Visitor: 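Dumping the structure here so I can ask a few things about it.
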There are 2 protein chains.
Amino acid sequence: MNSPARKPSRIQTENRQRIRDAALGLFATHGFRGTTLDQIAEACGMHKPNLIYYYDSKEAIHIDLLNTLMEEWLSPLDAMNPDGDPLEEILGYIRRKMEMSRLYPRESRLFANEIVQGAPRMLPHLERTLKPLFDRQCGILAKWMKDGKIAEMHPAHLIFSIWAVTQHYADFEAQISVLLPGDDKRARGADQFVEMMFRKVLTP
Amino acid sequence: MNSPARKPSRIQTENRQRIRDAALGLFATHGFRGTTLDQIAEACGMHKPNLIYYYDSKEAIHIDLLNTLMEEWLSPLDAMNPDGDPLEEILGYIRRKMEMSRLYPRESRLFANEIVQGAPRMLPHLERTLKPLFDRQCGILAKWMKDGKIAEMHPAHLIFSIWAVTQHYADFEAQISVLLPGDDKRARGADQFVEMMFRKVLTP
DNA sequence: CAAGTTTTTTACCATTTGGTAAAGTTACGA
DNA sequence: TCGTAACTTTACCAAATGGTAAAAAACTTG
């Protein structure tokens, strides 16, 4: 076991990453309770007690995943520049969110599972990390509205609607692929629709 | 055990309903694997083997719930009248969806859980029941667009966005209540925002 | 390369969990 | 009201699952 003061060895860093990567896919598609340590072990080519050597418990893996991924998951929101062109900043954010839905559906579903089930392991993190960022960005949006750069509306609900629409494509993909088969141009169609939609909504 | 030909007794009807009601809340907040038969039994004041007397397995309860609720869950979509005023028909549908998010969050989360995890027990049902309805309503929307009654856009993605935004308020309530505390006027604010949003999007 | 440390593997355990068997109780039609 | 079918309860079980103990193997470092 590693003492708390020592920094992790190369092997530790690598293997923890392997574990997280395997666990991410499984937690995303089966949820926390639906995923077993044996499944994670098999998915990353390790043995069950080896997981516990690197993480104290199954829950510790889950929590570490949520914490590790939250930051980069939220980074596009943070990247909105208060001094840029309002409409283009927001549309840029929306484009990045659509891209992330396509590139990182596992992350999207991991958070979706967690929050749908009441965020039992993430509520404090939402309070401490997401809330301040959210409030700040709402402030930026409010200022843009007051300056007449974009249409006047409730900034919080605007952000909710952006999250809802963009993440829907990752979280509910199983349903979408049934209703809109032939996935060739689906991504482009989605991108075009979402851009058109929010352009209309935001234009004063 | 009841023979397949006999129709269920009063006690059977009542107790199955009690079981479904208890299971709905638990499946919605803990997912399928996260819910145990003992939890369901306790929640409806029955004993575990009694559940198995009414349902062959835990999975049978889950499947019956999905099947039973799917129809009424989709009924507002079916209620869109092709001969009514297009904008008002769609906005009426959106209002009903918002109302359902508020009145039936358990149902919304039950389906959210199921679909996020790849709809393992619902894919055939989506194909057989949802797909035809969806295609029909897309056709109605397309005609309204061709007639210039509402703005031109991809009908399927319009429906996706309606589902995404309205169900987001039920499915991600844990997050929303952190970001927008003081729930007094939250529902009204949401309703107003969503109506304004889609009015803009749909106006030609 | 030898001693010590880190990492991996094997064997195992206690609890939980979905489900069964069968006895006991209640409801209900003749 | 009596017999039978429907329903409920108690006791139980096998498999799955999260986790532990400790020996074996591999790696690091003086």
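Chain naming here is simple, since letters A, B, ... match the order of the sequence lines and numbering starts at 1 in each. As the structure is a computational prediction, the values presented were derived from the model and not from experiment.
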Visitor: Tell me whether the OP1 or OP2 atom of D/dT8 has a side-chain N or O from B/Asn15 closer than 4.0 Å.
Guide: yes
Visitor: Separation of A/Lys58 atom NZ from C/dT16 atom P, in whole Å?
Guide: 14 Å
Visitor: Figure out the CD1/C1' separation between A/Ile52 and C/dT9, and round it to whole Å.
Guide: 15 Å
Visitor: Starting from P on D/dT17, measure out to CG on A/Asp38 and report it in whole angstrom.
Guide: 7 Å
Visitor: In whole angstroms, how far is the P atom of C/dT17 from the CD atom of B/Glu59?
Guide: 18 Å
Visitor: Measure the acute angle between the ring planes of B/Phe27 and B/His62, then classify it against the limits of 30° and 60° as parallel, tilted or perpendicular.
Guide: perpendicular
Visitor: Rounding to an integer number of Å, can you tell me how far A/Arg33 CZ sits from D/dG18 P?
Guide: 9 Å
Visitor: May I have the distance from A/Tyr53 (atom OH) to C/dT9 (atom P), rounded to whole angstrom?
Guide: 13 Å
Visitor: Is the phosphate of D/dC7, meaning OP1 or OP2, less than 4.0 Å from a side-chain N or O of B/Gln12?
Guide: yes
Visitor: Nearest to the side chain of B/Asn50 - C/dA11, D/dT8, C/dT8?
Guide: D/dT8
Visitor: What does B/Tyr55 touch in the nucleic acid at a heavy-atom separation under 4.0 angstrom: a base, only the sugar-phosphate, or nothing?
Guide: nothing
Visitor: Calculate the interatomic distance between A/His47 atom NE2 and C/dT8 atom C1'; express it in whole Å.
Guide: 8 Å
Visitor: Would you mind telling me which of C/dT20, D/dG18, D/dA21 lies closest to the side-chain atoms of A/Pro49?
Guide: D/dA21
Visitor: Before giving the answer on side-chain hydrogen bond (donor to acceptor under 3.5 Å, both in side chains), spell out for A/Arg20 and A/Tyr55 the whole-Å C-alpha distance, their side-chain angles and the decisive distance to 0.1 Å.
Guide: CA-CA 10 Å; A/Arg20 274 197 301 266; A/Tyr55 283 100; 3.0 Å; yes
Visitor: Counting distance alone, no hydrogens or angles: does the base of D/dG18 have a donor or acceptor under 3.5 Å from a partner atom on the side chain of A/Lys48?
Guide: yes
Visitor: List the steps, then state whether salt bridge (charged side-chain N to carboxylate O under 4.0 Å, His left out) holds for B/Asp38 with B/Lys48.
Guide: CA-CA 6 Å; B/Asp38 284 307; B/Lys48 186 165 58 172; 3.6 Å; yes
Visitor: Determine whether the aromatic ring centres of residues A/His157 and B/Tyr169 are separated by less than 6.0 angstrom.
Guide: yes
